[in-house]
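Reading through the structure tokens given below for one structure.
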2 protein chains.
Amino acid sequence: MSTPLERRLSCFTDLDENDRAILTGLCSDVRTLSAEDDLIEESAPPKQVFIQLEGWAFRYKLLPEGKRQITGYLLPGDICDPFVFVLKRMDHGIGALSDLKCAAVSKDQILEAFNSSPRIARGLWWSSLVDESILRQWLTNLGQRFAYERMAHIFCELWLRMTIVGLADEDEFHLPLTQNQLGDTIGLTPVHVNRTLQRMRSESLIEFEQRRLKICDIDKLKDIAEFNSDYLHLERR
Amino acid sequence: MSTPLERRLSCFTDLDENDRAILTGLCSDVRTLSAEDDLIEESAPPKQVFIQLEGWAFRYKLLPEGKRQITGYLLPGDICDPFVFVLKRMDHGIGALSDLKCAAVSKDQILEAFNSSPRIARGLWWSSLVDESILRQWLTNLGQRFAYERMAHIFCELWLRMTIVGLADEDEFHLPLTQNQLGDTIGLTPVHVNRTLQRMRSESLIEFEQRRLKICDIDKLKDIAEFNSDYLHLERR
DNA sequence: CGGAGTATTGATCCCATTCAAGAACTGTGG
DNA sequence: CCACAGTTCTTGAATGGGATCAATACTCCG
């Protein structure tokens with residue numbers, strides 16, 4: 001049985017026993033956080049890197065008048081900015097969406113892992129590049145698509161990412177988001193999120209209750225979203 | 001007299017003579033492109049990395065129905081995805097906005113530079129992290145702000161980035177964008193871009209003709225945009 | 001000079017917001 | 001176990017930011 005981190009990196013490269021040992025070593029300092037806790041605050045100096053083990057976290061930027069944009073989700077197996085220690089301060093905050101476990105990894109540990117295996121090194125780069133690619137995709141969704149399409153797209157993405165790390169039960173997965181948070185992700189008010197969800201429900205595309213999302217018609221949802229998974233870079237080179 | 005690339009990296013770290021020589025070495029294979037040419041197309045395998053020397057390029061994603069989102073601008077001194085060779089295919093295209101000069105850098109050259117100077121290595125990481133940070137900022141602008149504020153923000157950003165590399169003449173700089181391209185950047189139709197520009201002109205915030213933007217009241221523009229340059233990570237560590 | 005791209009302007013429409021109020025869930029303490 | 005408070009969700013009505021449609025200028029360039 002492999003961990004989400006191993007599963008995720010295996011989407012990109014083959015890992016040997018040594019690599020797996022390195023990854024396990026990175027995940028020795030496990031932290032437990034409750035929903036609402038911050039892993040790191042905006043403007044704080046980055047002290048360590050996190051690897052998500054269980055539960056969800058989210059990246060966010062706050063605006064002066066109390067608005068908030070969620071700029072990314074960290075799912076189990078995600079590596080949170082391997083090289084962030086290069087920066088003086090965080091340009092965004094990262095908070096826990098649900099109770100979660102993550103591994104805190106020091107700069108030196110990252111550098112050591114980076115230097116000890118070329119596959120790990122490339123895996124860390126890959127992880128950063130995928131994060132950036134997801135941002136471009138989200139930007140495109142916000143800039144060019146309607147609410148209905150944007151929502152379809154984020155559901156397709158999260159479903160696929162959860163599937164990859166073995167955390168989706170076929171067409172169903174844990175989605176620990178309120179309608180408010182979903183709105184801050186795709187640039188909608190909670191009211192409109194609610195109406196869009198209802199439209200999807202009425203069209204038998206999804207079911208969403210008790211923090212679980214069931215995708216009833218993935219093909220149709222992908223069509224609506226014009227979802228193409230290339231931007232997640234899951235093919236091995 | 002320093003190059004835009006040196007100026008830009010100097011925002012982050014001190015470069016010694018050796019570092020400057022390495023950078024000069026990276027820029028030996030200079031390419032000239034005309035406006036409209038693609039540096040690289042979406043889905044193409046990345047063959048090399050580019051360093052912008054003169055002129056502007058832009059990153060874009062195309063949608064099936066002919067819509068387009070511009071996801072970033074490459075100004076002189078910008079390094080275009082130093083580690084992109086890790087990926088199998090590009091998730092977006094990069095095109096020339098104006099006639100431009102860029103240096104084509106091979107994977108091996110990047111790795112050699114990366115290994116030969118820790119400051120260069122950190123500079124490359126920094127460059128990638130800033131690109132990602134800019135994407136988060138753009139996403140936030142698209143998701144949370146009105147047209148007028150979004151436009152003020154992109155103007156503040158581009159003005160500052162041009163200033164850093166020594167290409168702004170005080171409050172004025174070359175901005176080789178059509179209203180259509182500006183619209184594809186901030187998620188507006190050309191018609192609305194036009195109206196928003198006129199509003200800014202009428203309020204004596206800017207002048208914009210002949211592909212030159214003059215910022216008449218930078219403080220007011222920053223206020224409108226709630227512009228805070230932290231996300232560009234210009235402080236040295 | 002002609003044609004294509006670019007900028008401008010007006011009229012109308014619509015997607016999403018805002019405002020407001022009520023219902024359904026949480027979780028907590030007595 | 002219930003009462004109660006605080007989120008979260010839901011629904012309706014009115015409003016508005018920006019899109020769409022359409023027509024007219026302007027600019028650049030071969």
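Computed over heavy atoms, backbone and side chain alike; hydrogens, waters and symmetry mates excluded.
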Original post:
Contact class for Gly183(A) (heavy atom, under 4.0 Å): base, sugar-phosphate, or nothing?
Top reply: nothing
Original post:
Closest to the Leu188(B) side chain: dT8(C), dG18(D), dT20(D)?
Top reply: dG18(D)
Subject >> Ring center gap for Phe146(A) and His192(A) short of 6.0 angstrom >> reply: no
Original post:
What does Leu197(B) touch in the nucleic acid at a heavy-atom separation under 4.0 angstrom: a base, only the sugar-phosphate, or nothing?
Top reply: nothing
Subject >> Whichever of Phe208(B) and Phe146(A) has its nearest DNA chain C nucleotide further upstream toward 5' >> reply: Phe208(B)
Original post:
Taking for each residue the nucleotide of DNA chain C bearing the nearest heavy atom, is the 5' side occupied by Val191(B) or by Glu36(B)?
Top reply: Glu36(B)
Original post:
Is it true that the side chains of Glu157(A) and Trp138(A) contain a donor and an acceptor less than 3.5 Å apart?
Top reply: yes
**OP:** Starting from C1' on dG5(C), measure out to CG on Leu97(B) and report it in whole angstrom.
**Re:** 16 Å
**OP:** Ignoring hydrogens and angles, answer whether the base of dG10(C) and the side-chain atoms of Arg195(B) contain a donor-acceptor pair closer than 3.5 Å.
**Re:** yes
Subject >> Candidate nucleotides dT18(C), dG18(D), dT10(D), ranked by approach to the side chain of Thr189(A) - the nearest >> reply: dT18(C)
Subject >> Length of the CD-P vector between Gln144(B) and dG18(D), whole Å >> reply: 13 Å
Subject >> Separation of dT7(D) C1' from Leu177(A) CG (nearest whole Å) >> reply: 16 Å
**OP:** To the nearest Å, give me how far apart CG (Asp184(A)) and C1' (dT8(D)) are.
**Re:** 14 Å
Subject >> Side chains of Glu203(A) and Tyr148(A), donor plus acceptor under 3.5 Å >> reply: yes
Original post:
Of the nucleotides dT8(C), dC28(D), dT20(D), which one has an atom closest to the side chain of Gln179(B)?
Top reply: dT8(C)
**OP:** Send over the distance from Gln210(B) CD to dC26(D) C1', rounded to a whole Å.
**Re:** 12 Å
**OP:** Return no unless some side-chain N or O of Asn194(A) is found under 4.0 Å from OP1 or OP2 of dT10(D).
**Re:** yes
**OP:** Look at all strands and tell whether Arg150(B) reaches a base, only sugar-phosphate, or nothing, counting heavy atoms closer than 4.0 Å.
**Re:** nothing
Subject >> Side chain of Gln198(A) - closest among dG10(C), dT17(C), dT11(D) >> reply: dT11(D)
Subject >> Main-chain N/O of Thr178(B) paired to Gln181(B) side chain as donor or acceptor, under 3.5 Å >> reply: yes
Subject >> Atom-to-atom span, CD of Glu209(B) to P of dC28(D) - whole angstrom >> reply: 11 Å
**OP:** Identify whether any heavy atom of Arg199(B) sits under 4.0 Å from a base atom; if not, whether one sits that close to sugar-phosphate; answer base, sugar-phosphate or nothing.
**Re:** nothing
**OP:** Looking at every strand, decide which applies to Arg145(B) at a 4.0 Å heavy-atom threshold: base, sugar-phosphate, or nothing.
**Re:** nothing
Subject >> Whole angstrom value for the distance that separates C1' of dA7(C) from NE2 of His192(B) >> reply: 16 Å
Original post:
Just by distance, do the side chain of Gln69(A) and the backbone of Thr185(A) share a donor-acceptor pair under 3.5 Å?
Top reply: yes
**OP:** Describe the nucleic acid contact of Thr178(A) in one word from base, sugar-phosphate, nothing, applying a heavy-atom distance below 4.0 Å.
**Re:** sugar-phosphate
Original post:
Taking atom C1' of dA19(D) as reference, at what distance in whole Å does atom CD1 of Ile186(B) sit?
Top reply: 14 Å
Original post:
Just to confirm, is there a sub-4.0 Å distance from OP1 or OP2 of dA7(C) to any side-chain nitrogen or oxygen of Arg211(B)?
Top reply: yes
Original post:
Within 45° of the axis and under 6.0 Å from the centre of the six-membered ring of Phe173(B), does NZ or CZ of Arg212(B) qualify?
Top reply: no
